[in-house]
Peer 1: 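Let me give you the structure first, and then I'll get to my questions.
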Amino acid sequence: MGVTGPSRCPSCDEPLDVGDNFCGRCGVGLVPAAVPPDGNPTISLRGAAAYGPPAPTGPPAPPAPPGVAAPPGLPGLPGPAGPFGAVGPVGPVGAVGPAAVPAVPAPAGDPRIAGYRTTPDAASVETADTATTADTATAAGTTTAAGTTGTTAAAGTTVTTGPGRALESAVPETAESAVATAGTAPEAGPPPSPVAAAPEPRHTPAPGTPGTPGTPEAPATPSTPATTGTPDTPSAPLCTACRTGSVAADGYCEHCGHAQQHQRDHMESELAGVAAVSDRGNRHHRNEDYFAVSVTALPDGTPAVIAVVCDGVSSATRPDEASQAASEAAGAALLASVPRGTHPQQAMHEAIIAASAAVNALAAEPARTEQHDRYRQQNAPACTFVGAVVGGGLLTVGWVGDSRAYWVPDDRSAPAARLTEDDSWAAQMVANDLMSEAEAYADVRAHAITGWLGADAYEVEPHTASFKPDGPGVVLVCTDGLWNYAETADRMAGVLPRDAPSRPLHSARTLVAHALDGGGHDNITVAVVPFPAQPGRTGPA
């Protein structure tokens, strides 16, 4: 829609350029008035019909000096033009307002109208009415945003109140009714469904955000995010960090990017006479440790406790699966042989062989890409092993790799002891008198293992040993994620709470917390087994 104007200012007769909105000399505004609603004939303010040639006027009044108001028009003569055209004739002295002028139908051939506005075609008239009404609604503080309830419907517009819901307002007959309609809020339909109407969480403005038109939207409920698909399709789990985004198949939130906690990130188990805790640590992206604990009975009815801990080799493929397979296979083997009366040391040897076979079987499965490292070279899964059986007055341990077992007596005046020897580069250097223990473990090759369970192991050599302690105490079975922060037996005994025999789970949590506070560079797993075995319920965990 265009805007035209006279070539001179109607007030001071100053020449004007096309597109001027104000006179450069006297400052009179030249913007025309809004288009009246369709259906009402436009009446010329000079007492003539709106259409056709403008009515003849007398000579323009001389411009008023600066600072002096222009004189009003004389009776019967047109007064000086205002910002919206010439002022109509006035009545007798003291009368207010223009004189009544009969309406004259507008001819169809002339497109000019009063107020220096051009009339566009029929298609543009509808657009112009909508735009003009929308401006009026905006000035009145109305809102036409989709999904906003309680909005004011402006004249000639359609206000969307939700998906599939629209509310049309009637076109007012007069300008006065248009103003009244702009300030009236019609009742909206029932509120839309929160699932269907909720915007995407990452684009939802916070309540009261500057620039949000109209009434602020209610904040999105974290527990009811927008979902897609049929109702029968289960929705993806919510992120535990932002509570709005859904968790993708790779374990990361699609909204905030946080990695989600896996079930194995922190595990705990407690039975009568044994407890174990495993934690992912502070640096690793997953927990590659695993454990299996169980309580059973010997043939004579005395209790026996079994604890197995395995540590996946991080440089191998699927180390988390290797540690789980080895722990479950060894635990099941011990739980089957110990109640039959098999000597604990022989049962431990057989359990390590069973664990090795379970890990070897993983290598026969088709290789699949690691989600977090798709370019890693595929090799055989591998893990380390350490286990303990307490029962019948004996303490039996078995191991392959660098996972360890410690003995801590209840009488802290007696020395604690390490019950295993690492299959590692550092241990070989010390055993062959090539380095001191301090020098060997300070070397970067210290934790390079020389024995493990896996299809690529040169030869599995299970290590087993049985002990008969003189008094009560506690057996600790752990991975290097713990003993790296308490390497010697004395330091491990200093971290272990004194009430460990009666509170094994609390003691295991304390040991794990010690490693986390020290940095938690590796996965941390420990099982606490009081000696002698305490009677209680039997079964695996």
Side-chain angles (χ1 to χ4, degrees), residues 270-277 291 293 295 298 302-309 338 343-345 348 385-399 402-424 426-427 430-431 436-438 440-441 463-515 517-518 524-536:
E270 182 180 29
L271 297 174
V274 61
V277 175
F291 66 82
V293 295
V295 178
L298 299 175
T302 58
V305 177
I306 300 169
V308 175
V309 171
V338 169
H343 192 276
Q345 197 165 347
M348 182 65 70
F385 177 96
V386 64
V389 176
V390 173
L394 288 179
L395 166 59
T396 303
V397 296
W399 71 96
D402 61 351
S403 295
R404 295 180 177 180
Y406 289 88
W407 165 256
V408 180
D410 289 350
D411 183 6
R412 296 300 174 91
S413 61
R418 196 176 85 192
L419 306 179
T420 58
E421 293 292 337
D422 298 341
D423 289 326
S424 66
V430 175
S436 66
E437 186 173 359
Y441 281 100
H463 308 293
T464 59
S466 291
F467 304 90
K468 193 170 185 178
D470 296 335
V474 173
V475 182
L476 302 179
V477 182
C478 64
T479 62
D480 59 344
L482 172 61
W483 64 255
N484 278 332
Y485 300 97
E487 185 173 334
T488 65
D490 292 338
R491 292 185 58 188
M492 188 69 72
V495 178
L496 183 69
R498 291 184 175 272
D499 58 353
S502 60
R503 302 178 64 191
L505 180 59
H506 168 73
S507 300
R509 291 171 176 170
T510 301
L511 293 172
V512 170
H514 172 76
D517 293 342
I524 310 156
T525 304
V526 60
V528 178
V529 185
F531 180 90
Q534 300 177 3

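Heads up: numbering here begins at 1 and tracks the sequence.
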Peer 1: Are Leu394 and Gln345 packed together at the side-chain level, in the sense that at least one heavy-atom pair is separated by less than 4.5 angstrom?
Peer 2: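 No. Closest side-chain heavy atoms not under 4.5 Å.
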Peer 1: Hey, is CG on Asp517 packed in by over 12 heavy atoms from elsewhere, all under 6.0 Å?
Peer 2: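 Above 12, so yes.
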Peer 1: Quick one: closest heavy-atom pair of Ala426 and Ala440, and the distance?
Peer 2: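 Scanning both residues completely, I find the closest heavy atoms to be O-CB, 3.7 Å.
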Peer 1: Once you round to the nearest 0.5 Å, how far does CG of Leu496 lie from CZ of Arg491?
Peer 2: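 Between atom CG of Leu496 and atom CZ of Arg491 there are 14.5 Å.
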Peer 1: Would you give the length of the straight line joining atom CG of Asp402 to atom CG of Asn484, rounded to the nearest 0.5 angstrom?
Peer 2: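 It is 8.5 Å, given to the nearest 0.5 Å.
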Peer 1: Is there a side-chain contact between Val526 and Val512 (heavy atoms, below 4.5 Å)?
Peer 2: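 Heavy-atom side-chain distance check passes, below 4.5 Å.
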Peer 1: Is any side-chain heavy atom of Val397 closer than 4.5 Å to one of Trp407?
Peer 2: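 No, side chains not in contact.
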Peer 1: Evaluate the side-chain proximity of Leu298 to Val338: yes if any heavy-atom separation is below 4.5 Å, no if none is.
Peer 2: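 A side-chain contact exists here, since the closest heavy-atom pair is under 4.5 Å.
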Peer 1: What are the two closest non-hydrogen atoms of Ala500 and Ser507, and how far apart are they?
Peer 2: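 So the minimum-distance heavy-atom pair works out to CA-OG, 3.0 Å.
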Peer 1: Indicate whether any N or O donor in one side chain lies under 3.5 Å from an N or O acceptor in the other, for Ser403 and Thr479.
Peer 2: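 Per modelled atom types, Ser403 and Thr479 side chains form no pair under 3.5 Å.
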Peer 1: State, to 0.1 Å, how close Pro532 and Pro472 come at their nearest heavy-atom pair, and which atoms those are.
Peer 2: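 Taking every non-hydrogen atom into account, CD-CB, 4.2 Å.
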Peer 1: Drop me the distance from Cys478's SG to Tyr485's OH, to the nearest 0.5 angstrom.
Peer 2: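 Interatomic distance, Cys478 SG to Tyr485 OH, rounded to 0.5 Å: 13.0 Å.
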Peer 1: Side-chain contact test, heavy atoms from C-beta onward, threshold under 4.5 Å: evaluate it for Glu270 versus Val293 and give yes or no.
Peer 2: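 Heavy-atom side-chain distance check fails, nothing below 4.5 Å.
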Peer 1: Can you see which heavy atom on Val309 is nearest to which on Phe291, and at what distance?
Peer 2: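 Closest pair (atom of Val309, atom of Phe291, distance): CG2-CB, 4.0 Å.
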Peer 1: Could you measure the distance from the CG atom of Leu419 to the CG atom of Leu395? Nearest 0.5 Å is fine.
Peer 2: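 Spacing of CG (Leu419) from CG (Leu395) equals 6.0 Å.
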Peer 1: Using every non-hydrogen atom in the two residues, find where Ala515 and Gly481 come nearest and quote the distance to one decimal.
Peer 2: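 Looking at all heavy atoms of both residues, the shortest contact is CB-O, 3.7 Å.
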Peer 1: State, yes or no, whether a side-chain contact exists between His463 and Thr420 at a heavy-atom distance under 4.5 Å.
Peer 2: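 His463 does not reach Thr420 side chain to side chain.
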Peer 1: Considering non-hydrogen atoms only, spot the tightest contact between Ala493 and Val408 and give its length.
Peer 2: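 Closest pair (atom of Ala493, atom of Val408, distance): CB-CG1, 3.8 Å.
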Peer 1: Answer yes or no: is there a side-chain heavy-atom contact under 4.5 Å between Pro504 and Val529?
Peer 2: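 They are not in contact (no side-chain heavy atoms under 4.5 Å apart), so the answer is no.
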Peer 1: Just by distance, do the side chain of Arg404 and the backbone of Glu487 share a donor-acceptor pair under 3.5 Å?
Peer 2: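 It does hold such a pair.
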Peer 1: Give, for atom CZ of Arg412 and atom CG of Asp490, the distance between the pair rounded to the nearest 0.5 Å.
Peer 2: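 If we round to the nearest 0.5 Å, Arg412:CZ and Asp490:CG are 11.0 Å apart.
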Peer 1: Using a 4.5 Å cut-off on heavy atoms from C-beta on, say whether the side chain of Phe467 contacts that of Val475.
Peer 2: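 Heavy-atom side-chain distance check fails, nothing below 4.5 Å.
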Peer 1: Starting at NE2 of His343, measure out to OG1 of Thr464 and round the result to the nearest 0.5 Å.
Peer 2: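 His343 atom NE2 to Thr464 atom OG1 measures 9.5 Å (nearest 0.5 Å).
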